[in-house]
Participant: 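Dumping the structure here so I can ask a few things about it.
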Amino acid sequence: MEMRISSEPLHYQYWPKGLPHLVHVPKTTLVHNLEVSAARYPEKTAISYYGSRFSYARLKSEVEALAGYLQRQCGVKKGDRVLLYMQNSPQFIIAYYAILRADAVLVPANPMNLTEEMKHYVDDSGALVAICALDLFQRIEPLMGRGGLEQVITADYADYVTEPTDIPMPDFIQTAVSQPTTGNGVRTWKEVLAEDCEPGPHLSGSDDLAAICYTSGTTGKPKGCMHTQSTLMATTALPGVWQNTSCEEVLLGVVPFFHVTGMQILMNMPIYLGAEIVIMTRWDRELALQLIERHQVTNWTNIPTMVIDLFASPNFKRDSLKSLQYIGGGGAAMPEAIAARLFELTGLSYVEGYGLTETAAPTHSNHASRPKRQCLGIPFLNTESLVVNPKTLEPLGPNQTGEIVSRGPQVFKGYWNNPQAARECFVVIGGKTFFLTGDLG
């Protein structure tokens, strides 16, 4: 979609009625979002996890305790990198916010990575501490002692399934995993929280580095995208305006949190709102049907294959998704036949969008009021995009093929340890700096 530089953008003729073109992004930190929601809604459910519920007050309390431990017992200082290596779980959210509360830099890692892949994360980021799931410890243990990585905190998902429930428990949570020998830099999650350390003052500002999010590495070793509190805040606060959400939302959190879509839309956005996150550690269509009905899930961002799989379930009924008020996602185009069936059953159109690790999720999205199937949408709030000739960088008109370039508050600040690669993906057009929104991973 063309956007003229010197006049009103062309996509504004498709702009949803009543939606502002520009929205102020808060200049506060992600930790401040949690503090505000915990103050506003202390007893409100922040997380639901296989039948167990956790309030915003408890979430904040455990974040503080873990942050204090990182600072006082692990020696983590402002700007130090901490590796987070686990699947969706309450511990992922607690660790994520604790790392930021300690003024450290988060390094989220794909839990499917093996030791050799994790070696690159450790070496490239210079991580001092790793927080990992218990079942992944054997992959990270051989890397202890490399560079500055001397300490590991292990977390058992089963520790947060604490209430009686009739929800079938996944085998990977029920199956006991032997604890590694503690000492020699290894501590368990329970031991760490039991120390109840108090953190120092939160010193980070909106321009400070918050996370190094690694690309998929399809064209070489993964590159670490540097996101500040501000770039992450953009795709934390703006999607809520786009989706017209509130603190009463109930979101199904099954897209991986280590990935920017899950991190921003299914974790940081609901915490900013004070909404409820229903966590699934791994995708299971039968369990998803139960959780959507049990918790009356209102908002589900996913990948199209999950919807396809859900429709194939023998237990799927016409009213299985009746609680949903919003459904959308990306990663691949939604098949026309599936989108049509979804609309027939729910009256909802599947909202497709597009973004990259470098942009902390969306640069483009459809809007629920006027979605176009199998289309990445229009430039997102506060975002300017052009289609340009890749050789001359000349802006192109409608129905012409070229390279998409974008600029906005969500664009990353460069690649960690690779400034040359960052310079190569930014271009100046009409006096403005744009990011080449292509598959750079």
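Basis for what follows: all heavy atoms, side chains included, without hydrogens, waters or symmetry-related copies. All residue numbers refer to positions in the sequence shown, counting from 1. Keep in mind it's a predicted model, so treat the numbers as computed, not measured.
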Participant: Check the surroundings of atom CZ in F343: do more than 12 heavy atoms from other residues, nucleotides or ligands lie under 6.0 Å from it?
Facilitator: no
Participant: F92 versus I279: any side-chain heavy-atom pair under 4.5 Å?
Facilitator: no
Participant: Rounded to the nearest 0.5 Å, what separation is found between the OG1 atom of T383 and the CD1 atom of I378?
Facilitator: 10.5 Å
Participant: Are more than 12 heavy atoms from other residues, nucleotides or ligands located less than 6.0 Å from atom CD of Q296?
Facilitator: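 Check passes, neighbour count above 12.
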Participant: Under 6.0 Å between the ring centres of Y214 and Y121?
Facilitator: yes
Participant: More than 12 heavy atoms of other residues, nucleotides or ligands under 6.0 Å from CD of E293: is that the case?
Facilitator: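 Result for CD/E293: open.
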Participant: Pick out which of I153, T154, L84 makes a side-chain contact (heavy atoms from CB on, under 4.5 Å) with C132.
Facilitator: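 It is T154, the one option of I153, T154, L84 that forms the side-chain contact (heavy atoms from CB on, under 4.5 Å) with C132.
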Participant: Report yes or no: does T45 contribute a side-chain atom to a donor-acceptor pair with the main-chain N or O of I47 at less than 3.5 Å?
Facilitator: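 No: the side chain of T45 does not pair with the backbone of I47.
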Participant: Mind checking the CD1-OG1 spacing from I404 to T437? Nearest 0.5 Å is all I need.
Facilitator: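 Rounded to the nearest 0.5 Å, the CD1-OG1 separation comes to 6.5 Å.
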Participant: Is the closest side-chain heavy-atom distance between F380 and T363 below 4.5 Å?
Facilitator: no
Participant: Verify, without hydrogens or angle tests, whether Q87 (side chain) and R282 (backbone) share a donor-acceptor contact under 3.5 angstrom.
Facilitator: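 Not confirmed, Q87 side chain does not pair with R282 backbone.
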Participant: Quick test of your reading of the model: are E35 and K60 salt-bridged, counting only N-O distances below 4.0 Å?
Facilitator: no
Participant: Is a side-chain N or O of T228 found less than 3.5 angstrom from the main chain of T231, in a donor-acceptor match?
Facilitator: yes
Participant: Can you check salt bridge (Lys or Arg N to Asp or Glu O under 4.0 Å) on E344 and R318, steps first, answer last?
Facilitator: CA-CA 9 Å; E344 175 195 352; R318 290 191 64 86; 3.8 Å; yes
Participant: For K119, what residues pass the salt bridge (Lys or Arg N to Asp or Glu O under 4.0 Å) criterion, not counting sequence neighbours?
Facilitator: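 Salt bridge (Lys or Arg N to Asp or Glu O under 4.0 Å) list for K119, sorted by chain: D123.
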Participant: If you measure from OG1 on T115 to CD on E141, what distance do you get to the nearest 0.5 Å?
Facilitator: 9.5 Å
Participant: Using atom types as modelled and distance alone, determine if a side-chain donor or acceptor of W416 lies under 3.5 Å from a backbone N or O of C213.
Facilitator: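 Judged by distance alone, no pair lies under 3.5 Å.
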Participant: Can you confirm whether L106 sits close enough to Y96 that some side-chain heavy atom of one is under 4.5 Å from a side-chain heavy atom of the other?
Facilitator: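 Yes, side chains in contact.
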Participant: Taking NZ, NE, NH1 and NH2 as the nitrogens, is one of them in D124 or R81 under 4.0 Å from a carboxylate oxygen of the other?
Facilitator: no
Participant: Which label fits F412 and F435: parallel for a plane angle under 30°, tilted from 30 to 60°, or perpendicular past 60°?
Facilitator: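 The rings of F412 and F435 stand perpendicular, inter-plane angle above 60°.
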Participant: With R187, which of Q73, Q151, E195 fulfils side-chain hydrogen bond (donor to acceptor under 3.5 Å, both in side chains)?
Facilitator: E195
Participant: To the closest 0.5 Å, what do you measure between SG (C375) and NE2 (H364)?
Facilitator: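 So the SG of C375 and the NE2 of H364 are separated by 9.5 Å.
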Participant: Name the orientation class of the two ring planes belonging to F54 and Y160 (parallel below 30°, tilted from 30 to 60°, perpendicular beyond 60°).
Facilitator: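 Plane angle between 30° and 60°, so tilted.
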Participant: Could you check Y49 against T162 for side-chain hydrogen bond (donor to acceptor under 3.5 Å, both in side chains), going step by step and ending with a plain yes or no?
Facilitator: CA-CA 9 Å; Y49 190 58; T162 57; over 6 Å; no
Participant: Run the salt-bridge test on E163 and R53 with the 4.0 Å N-O cut-off and return the result as yes or no.
Facilitator: no
Participant: Does Q374 have more than 12 heavy atoms from other residues, nucleotides or ligands lying within 6.0 Å of its CD?
Facilitator: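 Atom CD in Q374 is packed in, count exceeds 12.
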Participant: When N299 is tested against each of Q325, E276, Q243 for side-chain hydrogen bond (donor to acceptor under 3.5 Å, both in side chains), which residue passes?
Facilitator: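 For N299, the side-chain hydrogen bond (donor to acceptor under 3.5 Å, both in side chains) check succeeds only for Q243.
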Participant: What are the two closest non-hydrogen atoms of I292 and S320, and how far apart are they?
Facilitator: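 Heavy-atom minimum between the residues: CG2-O, 3.7 Å.
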Participant: Could you check I277, L251, N33, T301 and say which one makes a side-chain contact (heavy atoms from CB on, under 4.5 Å) with M269?
Facilitator: L251
Participant: Would one find more than 12 heavy atoms of other residues, nucleotides or ligands at under 6.0 Å from atom NZ of K322?
Facilitator: no
Participant: Which atoms form the tightest heavy-atom contact between V250 and V297, and what is the distance?
Facilitator: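 In this case the closest contact between V250 and V297 is O-CG1, 3.4 Å.
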Participant: Going from OG1 on T346 to CD1 on I327, what distance comes out if it is rounded to the nearest 0.5 angstrom?
Facilitator: 7.0 Å
Participant: Should Y97 and L30 count as side-chain neighbours, where that means a heavy-atom distance under 4.5 Å?
Facilitator: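 Y97 reaches L30 side chain to side chain.
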